Structures are given as structure tokens and as C-alpha cells.
Amino acid sequence: MGQPFLIGDQMTGGYGAADILHGCTIAVEKGEIAVIVGPNGAGKSTAMKAVFGMLKLRGGSVRLDGEDITTLSPQDRVAKGMGFVPQTSNIFTSMTVQENLEMGAFLRRDNIKDTMAQVYDLFPILKEKRNQPAGELSGGQRQQVAVGRALMTKPKVLMLDEPTAGVSPIVMDELFDRIIEVARSGISILMVEQNARQALEIADKGYVLVQGANRFTDTGRALMEDPEVRRSFLGG
Amino acid sequence: MDILNALVTFLNFVVVPATAYGAQLALGALGATLVYGILRFSNFAQGDTMAFGTMITILMTWWLQSLGVSFGPLPTALLALPVGIAVTALFLLMTDRVVYRFYRAQRAAPTILVIVSLGVMFVMNGLTRIIIGAEEQNFADGARFLITAGEFKTWSGLDEGLAIRASQAITVVTAIIVVAWLFWFLNKTRTGKSMRAFSDNEDLALLSGINPDHVVRITWIIVAALATIAGVLYGLDKSFKPFTYFQLLLPIFAAAVVGGLGNPLGAIAGGFVVAYSEVLVTYAWKKVLGYLLPADLAPDSLVQLLSTDYKLAVSFIILIIVLLFMPTGLFKGKSG
Amino acid sequence: MNTRNLILFALVGVLYIATGMFQSWNLALNILNIGLLSAIMALGVNMQWGFAGLFNTGIMGFAALGGLAVVLVSAPPEPGGWAMGGWGILTGLAFGAAVIAFATWLYRRLGKGPVRTLVLFAVLGGGYFAYRAILDPATAAVESFNPAVAGNIGGLGLPSLLAWPLGGVMAAIAAWAIGKIALGLRSDYLAIATLGIAEIIIVVMKSEDWLARGVKNMIGLPRPWPVPYEVDLQQTPAFLEWAANWGFDPAAASSILVKLVYALLFGTILLGVIWLSEKALNSPWGRMMRSIRDNEVAAEAMGKDVTRRHLQVFVIGSAVIGFAGAMMTSMDGQLTPGTYNPLRFTFLIWVMVIVGGSGNNWGAVLGGLLIGWLWLIVESLGPGVMQMLTLGLGEGPLKAHLIESAPHMRLLTLGVILLLVLRFSPRGLIPEK
């Protein structure tokens, strides 16, 4: 097996003087789902933001499809085919659902009709509500708008920062189903999750981070079965 | 008949002037609210931007008049308007380049930007006064009335006249065109939508690849156009005096806050709320009531809630009521 | 105070001395007195901005309230005018206040809903008409009494010094009302609301003739103790002898002496305000204020009532401005509402605070003295400089226009100075420690 499709290799860095990440490695293969789990303050979101270029690395590199993108800005990474869904404030609340999707495709100059149709196929409720301001939707629907917005750039990798935070278990299951569907279409998924158990169930690969470093790395299934992981991170 | 006379009096002294004034305020407040939405500060230089744009337009008007150019029944100032807008836009873009951009890059606090806008206000105010002086200027020409009180009386046979000045009609027509265009631009074009996205959620807009510099540039150009148009219309309707324009800051901000700062639709509604309140409260109702009430009940006094000296107080009271009871304004702007 | 700051103050001192030597001592002292008053106002603004980050654009209004206090306290009584309707006016105002208090009480008592809105509307609307019905005849009666020289309710005829604290109190009350409404909302709202209250205060003073004669102005207000009158000095043998001994012209010497006394009086008060302000800044209270300013969220999380603290400092700062505003009117000996201009009274003070160094009391004083000097010296020198600059120009409309517009130069200059300082030295000449 050669290079993973996207890899944040041996990343070290943080926001201020103190490092949060210590030689942390996160990777995802084409069309697969990778999930980052770990206790609070383990640097999960930070690791994801590092891969997306939202904090400066002091060591390590980020490579997409073999190309070193360590020094690119987040905006340039979007242009390279990375989509990012932040945990909060991830939609334009005063704009309609459709306009949210259009803004997602802002950088594209070609026809976006097909992509929008695909997003509507994936999230039928959005089509129904396409002329409503996104701020008026329910929590789960907002997350769909947020994911849909990121999909509008036709990304090769979709990065999700705790997509199920604050939504009900039923909505969470539905959202995970959609995420699997996205992965099946060939888009790699990298996601940070609080709900470790459910997330690992759908993950091809799982990363357990502790204090900004890799503690366990394996397939989702193997991690689920590892007694130590179960005891320490999945609550038995 | 008396009811008709009362209605005409009401239209003549309240509705017509308040509508024209409301349109002027709405355009001014739109400029302030756009700056607030996109650049995230209350621009204290808004009144002086209006004065600056109007001054350029007046100079251009004088030049055209000296060449013998005229616009028929319409004021020559309308011909000069594009030049006024262009020069003001250039000035604002330059100000952004040498002043505001630095603070934007630093992500400075809004209060700092307000103080910076004070500095810009001084500069624009000084320039305007140096170039055209501090005195009052009248630059309206062309037809004076769309319909005079006398014409209306002979036409309708009523005792009361309804006069519509050309400047009032031009104000309303221009404002409708400008607002229609602005809303089309904001809601239908790619650039307009990107401006709304930027105003709504700056970080996500950046993530979506929206170029902040482009958004800011377009915003300043639109603000220059709105301010200049609002200033010229106000000047045609009343007269031009730099200090009066500075004082428009209060009604303009009252209008923007009433509507919800950062909300364009709110700014328009706010402009009319402020203008109508101002005229209604300072209007002497004696005549209207005289027609409506039986003769023995007709009032002796002027029935004026506030003397016209207190025009500004009306804006202020509206502002206070909004801050007390609905700080986000009628249309839910960016909240407190 | 370190050497650098002393040098800065010395340089400003040189400016004043040079003005005295090359222009006239009368002018230099005049500028100094206005500079000292501006410095006190700048101290008040500095408390609000430097200690708490509050942006007050209503300085003009608070200063004008101070001026009004001087008229109410020290102007000679006008028994005739008062008899015409003084009590009626007081009744009207008291009634107005009672209506507002009653409405507030109702607002708190009644539950939210259309009933409350209707009741409040009826109470406030009816109250307003009743208030006008009581007040209007009384004010009209007062204004009709001898309108050429009076037409107002007059003052109490008390010493001018007593008016200064009252000016502070009046400004404090206005600040409390406006702060109660606008603080705790977005920071911009305070700026807009204070800009508004200042305009309203001036409008009231201009239009309510019964109060302080409106635009007919109050003149001949008495001087504060211990400042003598020039005429009296010129008739005092001891002074004449002293002047003769030193070879001074008695008229000029008396004028300078009066200004010197003012300078001493103002200087003493300035030092007093600084002393109190420094004490406050270095007290636990001052440290708390600064911690709130630097991180409002954290302070709030630690259980500090940020809005309440802000209201406190806003009221205190405004009181200082009102106090200084009263001093200014006492010195002028007249109240002329038409001369209150936001560019001169509000924004000029802001330039002083920013240039001097926000958060530092000595900075505010330095800014006040320096910018005050600049503002007034340009006023007196500007036309001359413009004459010289345009010497080469032939006589004509352009030259006339330029000379005429010289006074507006200082707006431009101040704007540029403010922008330059904000950009390149945002902490000002004497930065916060």
C-alpha cells in the first residue's frame, strides 16, 4: 500500500506558545471513513484543524494525494478539493438553504446544477425547504445544510468537526447513514466525534488521541473490540 | 368636503414631505447599515460622506451650468451625480486602503474602528468645508413643482391645495430605483450574495472561498453611491450645509437601529419610521382638526406635540425606545 | 513620572512660553486656561475610555449641563419672572417625572401583553398632554416677563463655585439615565445614544427660553471666588502701586493677573482630579475596572457585574466632564448655547485623550494641553499663515477663498493627527503603565 490519500504526518503545533499536538498522525484513504475520538481536551478538533491548515504547524507535514500542502491556507485547500464543516456557525443563517449551497460552490465557475441535485438527492428535506432561511431549520436539518454546503465544491475529502453535536440519537443515526452514502460515492471522510461508539461502528479507520498524540490506531471494528479501548474510552 | 380638505391638508403637510425625507433617510441608513453588516462598525463618517459626495456633485453641477448644459425640467445635479459618486467611491476606496484595511487585518475591536471613523469624519468634514465652505448652498434648478397648490385647487375645487415639489417627486422615484436595484443586486447576483454571506458569517464565507477584499471594495463603492445619492436628494429638497449633514448622523443611525443594524430592509423601514414620526410629532394639527371637528370643538392652539426645534429629539426618543424594548430592531439585525 | 514624560511636558510648556513671548501673554494664558479645562474633561473621558473602554460621544452635552448649572446657581434671581410661573414650571416638571415613574412602575407590575402596551400608551400619552397643559402656560408667562433682558426664571444668586459640583451632579444624572439604557448592549449603541443625548441637551438649552434665555444667551454671570475683576483691580491702590513699581501697564497687568488666578484655580482642581483618579486607578476598584476592560467575558464569568461597573465609571467620568463644563461657563461669564459644537466639545476632547495616551491620566493632561494649544493657536495664526502661503498668488477669488477657509484647516489637521496616532502610536504619547 502506498501513500494514504490525505495524511497529516507527525503534526506538532498549537495556537499559542504551548503545543497541543505532539507528533500526531491522521490519515484517510480514498472513499473511506476515518474517525478521530478521544477524551475531552485530547486535541481532536485541533488535529482536524491542523490538517485543514487552520493552525500553524511547527513540525510535520500535510499531504493530499501525494502533494505537500503544509503551507497552503484553508481557502487554498478548499480549492485543492478539501471540504470542511466547522462544529458551530457552519451555515449562513440569514440566507436560504439554496443560497447556502450556492455559497458553498462560490469558487466554482462551472455549472453547479448537477451537484446541487445530488445534494438534494442525499438530503431530500433540503429540497423541500430550499427557499427557507437556513436559520429557521431544526438542528439536524442545519447540519445537513452544513454538510451539503461543503459538498458543493465537489471535494475529494470531507472533514466534519463533531457533526452530531447537539442532535437527537435518531437524527444522529440518519446523519451517519448519509455520511456512509457520501463515502460510497468516493469521497474520503475525516471526522471528529464525541459519540465514539457509534462513530467507530461506521469507521474504516479509527484514531484514539490522548493529549495530542496517537494512543491507538486501527480499523474501527478492531478498536471496538480492543478491551483497553473499550474500558478507557467507550465506557466498558 | 371637510374630510377631503382635511385629507389633502394632511397629505400636503405630512405625507408628501415625510415620504421624501423618509426616502432620503432610508438611503443614508442603508449606507450605514451596509458598513455595519460587512465591515462591522458604526461609521460616524456617514453624514460627512454624504456631504462630501454632495459637494462634488454641486461643483460638477456648477461647471455644467457654466457650460450652459441643462437637463430640461430635471435638476442639472442629476447629470452631475455619476461624477459625484465616482469621486466619492474613489475617496472611500483610498480611505479603506490607507486607513481601515490595517485595522481589519488586525481584527481590531469595533470601538477602535468607530474612533478611526471619527478621524475620517474630521478629514472629510475639513475637506468639504475647505473646498466649498461652511455656508448653505442651493443648487436646485429645473422645474420647481410637479403640481402647485393653486393648480390642485382649480383641478379639484377644494379649499386646500396639494403641492408636490419636483425635488420630492425626484427623491421618491430615485429612491425606488436605487433600492430596487440594490435588492436585486444583493439577492440575485453572485457578488451580492457573497456580500450577504460575508455579513452573515465571516469565517464561513472565507472557508467558502469568498474574497474579503473584493467584498469590502464593492461595499465601499455601494456606500459611496448611496451616500451621494441620499445627500444630493436631501440637498435638492432642502439645501446643502456641511453641518446639517453631520447632524443627519443621528436620524440615520436611529433609522438603522430601528430597523436592526446590518439589515438593509430594516434600514428602509427605519428611515420612514423616523421621518414620519418626526413630521407627525412636529406638525401643527390645528388645521386638520379644524376641518374634522365641529366648529365649537375646533382647537385654538396649534396642537403641536413638539416644536420643530425638537426634530432631532424625535430621532433620539425613537432610538431610546428601540434600545429599551427591542435592541435588535424591528427586523432582527446583528444583536446587542 | 519618568524623564521622557517630563521632557514631553516641558516641550508643551515651551510652546506656551513661546506663545507668550512671540504673540502675547494674554493669549498664552487664555489658551492655557482652556487647555486646563479641556484636560479635566479629557480626564473624565479617560476614566470612561481608558479604564473601562466605554465610548462616550456626548461630552458636549455633559459640559453644557455644567454650564446650565452655573446659570441656575449663580445668575442673579429674577423674582419678577419667577413669580409669573416659577412654581408652575416646577409643578409641571415634577408632574412629568411622576408620570414617567408611574409608567415605569406599571411596566414592571403588569405582565407582558397588549394590555400593558395600551395602558402604558394611555398613561404616557395622557400624561404628556397634562404635563404640557401645566407647563406651557407657566413657561409662556415667565418668558413674557421683560423678555428683552430677562424672560427666564433666573438663578439663585449664589457663589459660582457652588455651581461646579452641581454641574457634576446634573451631568451624572443624565449619564445615569443614558447609561442605564445603552450600557450592556453593543458598544456602538452607547456611542450613538450619547451622541443623541448631547444634541438633545443643546436643543433644550437653545429652545427653552425660560430656563436660561435660550439663544438670547445669559451674560454677566459672576466670577468664581477668588478671581477679581479687572476694573476693581485698576481701582485698587495697592495693585496700581505694584504695577507701577514693576513698570507694567495697569490695564494689561490686571488682565494677565486675572488669567493667572484662573490658571492657578483650574490647575489646583486639575491636580486634585488627577490625584483622586490615580488613587482610584491603583485601588482594587481600578484594577477590577481594568480587568473588566481587558477581558469582559472572563470578568463576567468570575461573577463581576460588568454592566453595573460600567455604569459606575460612566457616571463618574461624566460628572467630571460636567464639573469642567461648569468651570468653563464660570470663566466665560456667559452661557451661549449656540457655541456648543460637537466637533469642538466632543471630538476635540477625544483627540486629546487618544493623542495623550488613553488609560494614562498624565497622558490625558498632556493631550489636553497640547491639542488645546494647537486648536487655539491655529485659530489665531491660521489666517496669517494662509496670507503668507498665498502671497505669491494674485488677488482673486481663489486667494480669498483659501484665506477664508483657513479655520477649516484645523478639522483636517486634527483628523490627520488622530489617524496617524491611532495607526502608528495607538497607545499615545504617554502610554498606560
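Note that this is a predicted model, so its numbers are computed, not measured.
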Applying side-chain hydrogen bond (donor to acceptor under 3.5 Å, both in side chains) to D68(A) and not counting sequence neighbours gives T70(A)

Value for CD (Q98(A)) from NZ (K193(B)), rounded to nearest 0.5 Å, stands at 7.0 Å

Heavy atoms of L206(B) and Q75(A) approach each other most closely as O-CG, 3.0 Å

Nearest heavy atoms of N187(B) and E99(A), plus distance in Å
O-OE2, 3.8 Å

With chain A, which of G209(B), A205(B), A197(B) has the greatest number of heavy-atom pairs at distances under 4.5 Å?
A197(B)

Report the option among R77(A), E102(A), M152(A) that has the most heavy-atom pairs separated by less than 4.5 Å from atoms of chain B.
E102(A)

When rounded to the nearest 0.5 Å, the distance separating CG of L207(B) from CZ of F106(A) is 13.5 Å

Between R196(B) and S94(A), do the side chains contain a donor N or O and an acceptor N or O under 3.5 Å apart?
no

Within the 3.5 Å criterion, strictly below it, is a donor on S89(A) or N201(B) matched to an acceptor on the partner's side chain?
no

If you draw a 6.0 Å radius around NZ in K56(A), do more than 12 non-hydrogen atoms from other residues or ligands fall strictly inside?
no

Can you sort out the partners of N195(A) under side chain to side chain contact (heavy atoms under 4.5 Å, CB included), two or more places apart, ordered by chain and number?
T164(A), M172(A), E193(A), Q198(A)

Just wondering, more than 12 heavy atoms not from R190(B) lying within 6.0 Å of its CZ?
yes

Any chance you could measure D203(B), atom CG, to N90(A), atom CG, to the nearest 0.5 Å?
11.5 Å

